[in-house]
Number of protein chains: 2
Amino acid sequence: MSHALNSNHVDKSITLEPPGEIGPHSLAVECSTRQLADLEMLATGAYAPVMTFMGQDDWRSCVESMRLADGTLWPIPITLQVSASAVPASIGEIRLMSHGRHIATLTVAERFAPDLQREAEMVYATSSHEHPGVAALYKAGDLVVSGPLSFHTLPRSFAGPEYLTPFETRLATEQRGWRTVVGFQTRNPVHRAHEYLHKVALELFDGMLLHPLVGETKSDDISAEVRMRAYKALLDNYYPQERVLLAVYPAAMRYAGPREALLHALSRKNYGCTHFIVGRDHAGVGDFYGTYAAQELFDKIDPDELGIEIIRFEHSFYCTRCEHVASKRTCPHDASQHLALSGTKVRSMLAAGDTLPAEFSRPEVAAILAEEYR
Amino acid sequence: MSHALNSNHVDKSITLEPPGEIGPHSLAVECSTRQLADLEMLATGAYAPVMTFMGQDDWRSCVESMRLADGTLWPIPITLQVSASAVPASIGEIRLMSHGRHIATLTVAERFAPDLQREAEMVYATSSHEHPGVAALYKAGDLVVSGPLSFHTLPRSFAGPEYLTPFETRLATEQRGWRTVVGFQTRNPVHRAHEYLHKVALELFDGMLLHPLVGETKSDDISAEVRMRAYKALLDNYYPQERVLLAVYPAAMRYAGPREALLHALSRKNYGCTHFIVGRDHAGVGDFYGTYAAQELFDKIDPDELGIEIIRFEHSFYCTRCEHVASKRTCPHDASQHLALSGTKVRSMLAAGDTLPAEFSRPEVAAILAEEYR
């Protein structure tokens, strides 16, 4: 993950906006993948009501009380971190760049040095560098700049028909006549255990938004491109086409556990979801969060304020006695009857060239993963 | 079904209640099975807020507008029908008897001749004698008597630990700590298709009240005793014990389709259910009601007034391609891949001594049904 500001790119030329005017002291900044993902979420309204990088009041309120300064529920700061040494106080405008393309311009209204350890402790519930989200936070820069944001182009992270903005997604679900839309966040291939949970949801709701996160994840997660192929193979063969919409969620993973689960849910409202699935250890990593910590956070939030209904799911597995996928909510048999493979185990089987068992993975999905590992 | 008033039983002796007083002209009436079921529902509070047989204002309002005279939502008249010729106007008190036992006393406050054809058309949506509920309505008597009801004993239709009054049922679910309780009404053995729907519900709600109707049904329905044994075998082997409560629902079937589905739902509120499952053709018979007529009736009712959330389920089947039970909400494959047996087909297979397929029925359930048919 590269978060380094490209300070060789300093460019003091006149900026293009506002058109015809001479801009203030201007600086070009090459964005990290994470910054681009945040820009994409802001540009499309996926983080509405947050429409630009936060200033100090919102940052502090969000860190301390999970709310914006105006009281709106919001769990994670969306800030533009830069290096104080690379962005002198004279800079009035930052041109946010990606590989030479000018993505957006931030008019600097505010600069402040955030207490990143406090942010880590409050948002991630840990200040450990071992946590990938915290490590990224520490590396991203010691200065936060904020102000009005104007976009030159949409930083589109994903090519393909599954790229739908929140507006396009709402339109698609409305065209299908869905009154209830359940969102499913995933960053992993979908195996039969997930399919089971999807189908439980589909028995109750009109449609499902299968919404894989395609922004930056840990390096050992399976690539977005392979996951998308696997999703399509699964949907084509086992799901009623008219009841599932596959579209990408461009955010990067922060692995902030409960607070990120809340961010995922709030953002899915912008995508038209009425319901959102939260499983065990949602958006967690390692042992940093309790299994039910994310679900418990939602227990404490007024459902009317939340504005999206949370569907709490258990971990599921194939049970040889039930002869189908189940969870401990539905299966009385003990673990000796259960087939459940961890992500680590799946990767080691694939690396060894083993075929994933049919009870675990649909053959169409297993073949795509096997091919990728070959 | 015997609905004849036993007019040989006329008894003008002094009644026991109110104690010490000389009663009015009194008549003993032997109750039909259906009348006993209504008495049992009234005695236990299962029909609350209806606590006695309805008078003319409630009857008319209920028939015409699905509401009691005070505006409370109520879909089906609960009346005591007798033969006008057997209950002269001088009768002030009716002792409701069952095999020589005095169940309850009705103090006659009102007598009226209901328009049974209108009741049939409005409540059952047909005036056809072919409809078993309408046929029973026509046979039950041309006079309705109503007034205060005092119980001498609980007319208990079912012996065994699964007999729980609404109060006892609420207590049991509260003791289990269930915040959400989903009620499942059935009058048939539970096959894997039903088990699938139960488990879908159990993935989402804290507990399930499996609530078989044990009052009078059509003569070709499988007996309550056999069904109970089959339920217990199923629950013992395939359900988490702490998440399911099996208890009986003493009502008789009216087969009134949508209006009876509403009655079932309203009554289950008294049993502590927060959610109630309504499938295809709920409480229907033959081709009298549209497949989704019951679900559509609920669409027209204000959820806050209803006070119990309706879970709408589709018909489910085993799909050889999905390799599990599914419904058309979750399975994209065509009918050639589906295994679904009608009640008629199941009965003919059992009668022929055939084993029900494992994809259709758990072996423990199939064995009980096979034994019954042997």
Side-chain angles (χ1 to χ4, degrees), chain A residues 178-180 182 192-193 195-208 234-244 275 277-279 299 309-316 318-334 337 357-364, chain B residues 178-180 182 192-193 195-208 234-244 275 277-279 299 309-316 318-334 337 357-364:
Chain A
W178 298 348
R179 290 172 303 178
T180 50
V182 58
R192 292 191 65 168
E195 179 186 334
Y196 167 76
L197 298 177
H198 295 168
K199 294 196 167 176
V200 165
L202 281 175
E203 291 295 349
L204 288 148
F205 305 110
D206 292 343
M208 181 174 71
L234 188 71
L235 297 187
D236 285 351
N237 286 287
Y238 298 101
Y239 286 61
Q241 298 303 307
E242 69 284 8
R243 306 208 49 235
V244 182
H275 295 73
I277 293 172
V278 174
D299 290 340
E309 202 171 317
I310 301 303
I311 307 300
R312 292 157 172 79
F313 275 145
E314 264 294 339
H315 176 64
S316 58
Y318 185 87
C319 172
T320 56
R321 181 91 177 84
C322 288
E323 296 177 330
H324 54 62
V325 179
S327 79
K328 73 174 189 189
R329 297 177 68 90
T330 49
C331 164
H333 310 119
D334 65 37
Q337 313 270 10
E359 295 83 1
F360 177 79
S361 201
R362 294 291 188 185
E364 295 85 350
Chain B
W178 297 348
R179 289 172 303 178
T180 50
V182 58
R192 292 191 64 169
E195 180 187 333
Y196 167 76
L197 298 177
H198 295 167
K199 293 192 168 177
V200 165
L202 281 175
E203 291 295 351
L204 288 147
F205 306 111
D206 292 344
M208 181 174 72
L234 189 71
L235 297 187
D236 286 350
N237 286 287
Y238 298 100
Y239 287 61
Q241 298 304 303
E242 70 284 8
R243 307 207 49 235
V244 182
H275 295 74
I277 292 172
V278 174
D299 290 339
E309 201 171 319
I310 301 303
I311 306 300
R312 293 156 171 82
F313 274 147
E314 265 294 339
H315 176 63
S316 58
Y318 185 87
C319 172
T320 55
R321 181 89 178 86
C322 288
E323 296 178 327
H324 55 61
V325 179
S327 79
K328 72 174 188 189
R329 296 177 68 92
T330 48
C331 165
H333 309 119
D334 66 36
Q337 313 269 12
E359 295 83 2
F360 177 80
S361 201
R362 293 289 189 186
E364 295 85 348

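Numbered from 1 within each chain, the chains take letters A, B, ... in sequence-line order.
Note that the SG atom of Cys322(B) and the CD atom of Glu195(A) stand 6.5 Å from one another [nearest 0.5 Å]. Rounding to the nearest 0.5 Å gives a distance of 6.0 Å between CZ of Arg179(A) and CG of Asp299(B). How far CD of Glu203(B) is from OH of Tyr196(A): 3.5 Å, rounded to the nearest 0.5 Å.
Most heavy-atom pairs under 4.5 Å with chain A, from the set Val325(B), Ile311(B), Leu202(B): that is Leu202(B). No other option in Asp206(B), Val200(B), Val244(B) has as many heavy-atom pairs under 4.5 Å with chain A as Val200(B). Interface summary for chain B: among His198(A), Lys328(A), Arg192(A), the most heavy-atom pairs under 4.5 angstrom belong to Arg192(A).
Looking at Glu323(A), both its backbone and its side chain come within 4.5 Å of chain B, counting heavy atoms on both sides. For chain B, no part of Ala358(A) is nearby; none of its heavy atoms comes within less than 4.5 Å. Only the backbone of Cys331(A) comes within less than 4.5 Å of a heavy atom in chain B; its side chain stays farther off. Residue contact with chain B, scored on non-hydrogen atoms closer than 4.5 Å, involves the backbone and the side chain of Arg321(A) alike. The contact between Arg243(B) and chain A is made entirely by side chain atoms (from C-beta outward), counting heavy-atom distances below 4.5 Å.
At distances below 3.5 Å, not a single donor-acceptor pair connects side-chain atoms of Arg329(B) with backbone N or O atoms of Lys199(A). With His333(B) contributing its side chain and Tyr238(A) its backbone, the two residues share no donor-acceptor pair below 3.5 Å.
The side-chain heavy atoms of Tyr239(A) and Thr330(B), taken from C-beta on, include no pair separated by under 4.5 Å.
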